[in-house]
Structure formats: structure tokens, C-alpha cells
Protein chains: 2
Amino acid sequence: MRSHVEPGFEESKNVLNHALRHNELITVYCECEVKYEGRAYSKLERGDRIVIIKPDKTLLVHKPTGRNPVNWIKEGASIRIDAQDHLFITAEAINPREQMIIKISKVMLLNSCQLSDEEEVSIMGSEADMARMLYEKPYLISNDFRPVSLEEQTKYGFIDVMGHDGKGTLIIVECKRVTAGLNAVQQLRRYVEKIMEAKGVSEVIGYIAAPGMTKNSKQMLKDWGYKFIRVEPPMRNIIDKSRQKKLKDYLK
Amino acid sequence: MRSHVEPGFEESKNVLNHALRHNELITVYCECEVKYEGRAYSKLERGDRIVIIKPDKTLLVHKPTGRNPVNWIKEGASIRIDAQDHLFITAEAINPREQMIIKISKVMLLNSCQLSDEEEVSIMGSEADMARMLYEKPYLISNDFRPVSLEEQTKYGFIDVMGHDGKGTLIIVECKRVTAGLNAVQQLRRYVEKIMEAKGVSEVIGYIAAPGMTKNSKQMLKDWGYKFIRVEPPMRNIIDKSRQKKLKDYLK
DNA sequence: TACTACATCTCGCAT
DNA sequence: ATGCGAGGTGTAGTA
């Protein structure tokens with residue numbers, strides 16, 4: 001159930017429609033221009049790109065550079081093919097209403113194939129993993145930190161780790177897996193203020209736990225009386241050069 | 001300068017190396033598993049995906065669903081191909097140190113082609129466009145708003161629109177092209193406080209200009225004495241259904 | 001659905 | 001290089 005052609009527009013249209021009906025993953029190497037209207041407006045003049053249509057009707061247009069698609073419509077697009085003096089791929093979405101038109105002047109390669117993928121990626125080293133680590137190793141924050149809750153969605157915000165010290169004073173920890181900036185400090189401030197208000201207490205201790213902080217945010221933290229604890233996210237930089245040689249062993 | 005093969009691992013390796021040397025854009029439909037170590041750690045068990053290697057040595061692994069790659073290494077990766085009992089694509093980056101290994105158990109399609117694209121996308125309807133609109137149509141904020149500066153990077157932050165009212169009181173406007181949330185209000189607060197401190201004034205008027213605000217952020221805004229002005233970003237929702245029929249005219 | 005915050009965010013811009 | 005914020009952000013999780 002796969003196809004490779006290098007066709008005229010009418011033939012391309014037929015191949016595309018067949019692949020669309022069969023929910024194949026389609027890639028088109030082509031010369032095209034692209035217009036988008038919806039959440040904004042964009043125009044991309046003629047050049048070589050690849051167009052990807054996924055089985056879930058995600059549509060991507062990729063330039064030959066960069067990680068991100070230059071244009072896209074999210075899953076569930078309704079896609080129409082027209083062959084005239086050019087080959088047109090039109091994608092539409094509702095909520096929000098969006099429209100993309102790809103005007104193809106040359107098809108270099110057209111491929112499609114049925115793909116089956118049941119697996120989901122598992123990731124370690126997220127902020128949640130970091131919060132969990134602090135919950136399990138509270139001494140990383142301070143010797144008398146007693147964590148009570150984890151990743152708690154309160155009315156006042158999503159608090160990474162919460163607990164108290166030996167004297168019962170509330171402690172709120174905001175984790176960042178990368179260098180913390182002004183935003184992180186403001187987030188912490190919001191949580192602390194809201195909790196003080198809600199619990200009717202005058203003192204809450206606030207921590208930023210992160211591998212680092214920017215200069216300004218450190219100043220802000222100091223101004224507002226919060227504290228910074230340097231913590232590396234778990235599983236960071238575990239690359240082991242020695243293992244690279246044993247490629248066969250590497251992937252179990 | 002294009003190729004299509006459906007080869008064994010050794011042949012695939014040769015084709016890939018040739019394409020890599022010639023900076024072609026490569027797509028591989030394959031059954032594979034993927035391991036990533038670097039800024040985090042991830043593992044993706046065996047399934048069908050497409051692997052894309054761009055001329056700038058961006059590496060993407062896409063599942064059959066979703067807009068984003070499930071695994072990736074940004075431009076400039078050093079890529080190595082190994083053919084053994086499996087076909088391996090190894091990508092490495094430095095700063096930060098990252099490594100990705102794709103272990104391919106089946107190659108369904110392998111394509112490469114030289115692409116030439118000089119054009120960059122142009123977008124209208126950004127936040128900057130919105131700020132510009134408010135600068136040019138200050139009455140959208142209030143009848144006596146006198147804008148003075150636009151998109152100004154101050155020491156205290158990046159202030160979208162700044163000016164004063166008829167009585168000379170400073171006005172700061174924070175624009176959001178989508179529904180404003182808690183973050184937007186805190187941003188505004190930070191700017192207002194910093195400006196008050198810097199100018200030594202006790203009153204600065206703060207505005208959020210956005211198509212909408214979330215409930216909590218509206219409350220926060222009220223609590224802190226700021227104001228909300230409903231403004232749609234320019235070029236929003238200009239899709240004209242009637243034009244769709246005239247496809248040929250649509251793209252100039 | 002609305003709201004909130006993370007992300008291997010990416011990307012551009014300014015210092 | 002670092003800092004900062006936008007993004008057509010996307011995505012997951014929760015009320």
C-alpha cells in the first residue's frame with residue numbers, strides 16, 4: 001500500500017485523493033506558494049518545500065531549513081485537491097476558522113504510505129519529575145522542609161511542591177527545569193500572595209528551585225524576599241560517550 | 001538530482017550518505033525506535049514514522065499524528081549512518097549536548113531531493129501589528145490617549161504602547177493578540193511598578209488590550225486597578241467564503 | 001468548553 | 001553569549 005510517482009497535475013490529484021481516502025501519510029516535494037488566513041494572515045512566495053499530510057489530517061509545509069513548519073493546519077483539516085493550470089491543495093479548519101491554500105507549480109516527488117504507530121513517547125526530566133524529586137528529597141530545599149503536596153492545582157494556581165518548615169510556616173516551591181526568569185518569580189509571587197490571602201497567614205516562604213536564574217530575576221526574588229535553591233532536573237546530561245561505540249547494545 | 005529506492009540497509013546507508021553529502025532533503029518512511037538524551041531523556045518504542053533530514057541538518061521524527069515532531073535535533077546536527085542488523089541514524093549536537101539514535105528495523109520508502117527556497121514567509125496580525133494599530137488609532141484605548149512610544153524596550157521590560165492622557169498621567173498598554181491570561185496581567189503590573197519607581201510618580205494607568213480576558217485575570221486586573229480594552233488584532237478572520245470559488249483568482 | 005502552565009518549546013531581537 | 005517575550009505557538013491536564 002505505497003506509491004511513488006512523478007506525475008502531471010491531474011495524475012497527482014488522483015494519487016493524492018486515493019491516499020487521502022486511505023488515510024496514508026503523504027509527502028510532496030514541490031515548488032509552491034502558500035497563503036494562510038485564519039488566526040493571522042501569511043503569504044509565502046514561490047520556492048521548494050515539502051508538504052506533509054498526515055493520516056489525522058494534519059497538514060504541514062516545511063521549508064528546507066528549521067525545526068518548525070512554515071505553514072500548517074492542525075489535525076482534522078478538511079482537505080481538497082484541485083488540478084488546473086496548477087495543483088492546489090486547500091485545507092480548512094473550523095474553530096478557529098482557518099484556511100490554507102498551497103499552489104503547486106511543480107511536483108518533484110509524491111509519496112504516500114500507510115503507517116501504523118501504537119506507541120507514545122515517554123519522557124523523563126520534565127518539571128513534574130523535578131517536583132517529584134524534591135518531594136522525595138526535601139533536604140535539597142532545606143533540612144527542615146516537610147513537603148505535603150505535589151503538583152497541586154489549587155484555586156490560586158498550580159503549585160509544584162508545597163509543605164512547611166519545622167515551625168509550621170508554609171513553604172511554596174516553584175520548579176523550573178531551565179534557567180528561571182522574571183516570569184518564574186512572578187508566578188511564585190502570585191502563588192504566595194494568593195495562599196497568604198486564602199489561609200489568612202502573614203508569612204509564607206517562597207522558593208525557586210532551578211538550575212539557575214537570570215540576573216534581574218534574582219534581584220526581583222531578593223526584593224520580594226524569596227529564596228533560590230540551585231537544583232538540576234533529574235536525568236540531565238546523562239549522555240555517556242563510552243556507550244556510543246557499542247551501538248548494538250545501546251538500544252537494548 | 002533526486003532518488004527513490006526501497007532498499008536493504010546497506011544500500012539505504014549508501015543512498016543516505018550520498019544525499020547527506022549533497023545537502024538534499026531526505027525523507028524516510030520507516031519502522032523504528034528512537035532514543036533521545038540531552039535536555040531530557042526520551043524513549044519511543046517501535047512503530048512507523050517518517051524521518052526527515054533537512055539540508056541544514058535539522059532532524060525530525062514525525063509520528064503519523066500531530067503537528068510537532070515526536071523527536072528532533074535542531075539545525076547543525078552531525079549525523080552518522082550505520083548499517084548493521086538494523087539501520088541506525090545517529091545525530092549529535094553540542095551546546096547543549098544532545099544525542100538521538102534512530103534504530104530502523106524496516107525502510108518502506110527513502111527519498112531525497114535538492115530543494116531551493118529563497119523566500120521567507122511574511123505574516124500579518126502579530127502583536128506588533130496590533131500595537132502599531134493602537135498607536136495610530138489611540139481612540140481605541142480612550143479619547144484622550146496620546147501615544148508616545150511603540151514597542152519600546154525599556155530597562156523594565158518591553159512595553160507595547162506607552163503615552164499619557166490629557167492630564168499628563170502616564171499610560172502603559174500591554175497588547176495580547178489572543179485572550180489575555182494571568183501572565184499578561186502580571187506583565188503589566190511589573191511594567192507599571194517599574195515605571196512608577198523609575199519616574200518617581202505615584203500614578204500610572206495600565207491597560208490590557210486584547211480580544212478577551214480569562215475570568216481570573218479579569219478579577220486580578222480589577223484588584224490591581226488596571227483596565228481592559230477589547231481590541232481585535234488586525235487582519236483577524238478575514239476569510240471570505242465567496243472568494244473560495246474563484247480559486248484561480250485567489251492566488252493573484 | 002475554558003483556563004492554566006509546561007515545552008528537549010522555537011524563534012527573533014536587543015544588550 | 002544571555003536575557004526576554006512572542007508564537008497562527010502546541011499540548012496536556014483539570015474544573
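The chains referred to below are lettered A, B, ... by the order of the sequence lines, with proteins before strands, and numbering in each begins at 1. All values derive from a computational prediction rather than experimental measurement.
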(request) Mind checking Asn71(B) for me? I need base, sugar-phosphate or nothing, with any heavy atom below 4.0 Å counting as a touch. (result) base

(request) Looking at every strand, decide which applies to Val121(B) at a 4.0 Å heavy-atom threshold: base, sugar-phosphate, or nothing. (result) nothing

(message) Does dC6(C) have OP1 or OP2 under 4.0 Å away from a side-chain N or O of Gln187(A)?
(response) yes

(message) Considering every strand and a 4.0 Å limit on heavy-atom distances, what is the contact class for Ser126(B): base, sugar-phosphate, or nothing?
(response) sugar-phosphate

(message) With a cut-off of less than 4.0 Å, is there a side-chain N or O of Arg177(A) near OP1 or OP2 of dA5(C)?
(response) no

(request) Can you figure out which of dT14(D), dG3(D), dT9(D) approaches the side chain of Arg39(A) most closely? (result) dT9(D)

(request) Look at Asn68(B) and dT10(C) and indicate whether a side-chain polar atom (N or O) is within less than 4.0 Å of OP1 or OP2. (result) no

(message) Using the side-chain heavy atoms of Trp72(A), tell me which of these nucleotides is nearest: dT9(D), dA6(D), dC3(C).
(response) dT9(D)

(request) Take the protein atom CD of Glu98(B) and the nucleotide atom C1' of dA7(C), then report the distance between them rounded to whole Å. (result) 13 Å

(message) If you only use heavy atoms from C-beta on, which nucleotide in dA5(C), dC6(C), dG5(D) is closest to the side chain of Lys176(A)?
(response) dC6(C)

(request) Just compare dT4(C), dT8(C), dG10(D) and give me whichever is closest to any side-chain atom of Lys74(A). (result) dG10(D)

(message) With nearest nucleotide decided by heavy atoms, which residue, Ile123(A) or Asn95(A), maps closer to the 5′ end of DNA chain C?
(response) Asn95(A)

(message) Would you say Tyr36(B) places a side-chain N or O within less than 4.0 Å of OP1 or OP2 belonging to dA7(C)?
(response) no

(request) Tell me whether Phe158(B) is stacked on the nucleobase of dG5(D), counting only the six-membered base ring and applying the 5.5 Å and 30° thresholds. (result) no

(message) Expressed as a whole number of angstroms, how long is the span from Asn183(A):CG to dC9(C):P?
(response) 15 Å

(request) Look at the side-chain N and O atoms of Tyr191(B) and state whether any lies under 4.0 Å from the OP1 or OP2 oxygen of dG5(D). (result) yes

(request) For dC4(D), take OP1 and OP2 only and decide whether either is under 4.0 Å from a side-chain N or O of Thr214(A). (result) yes

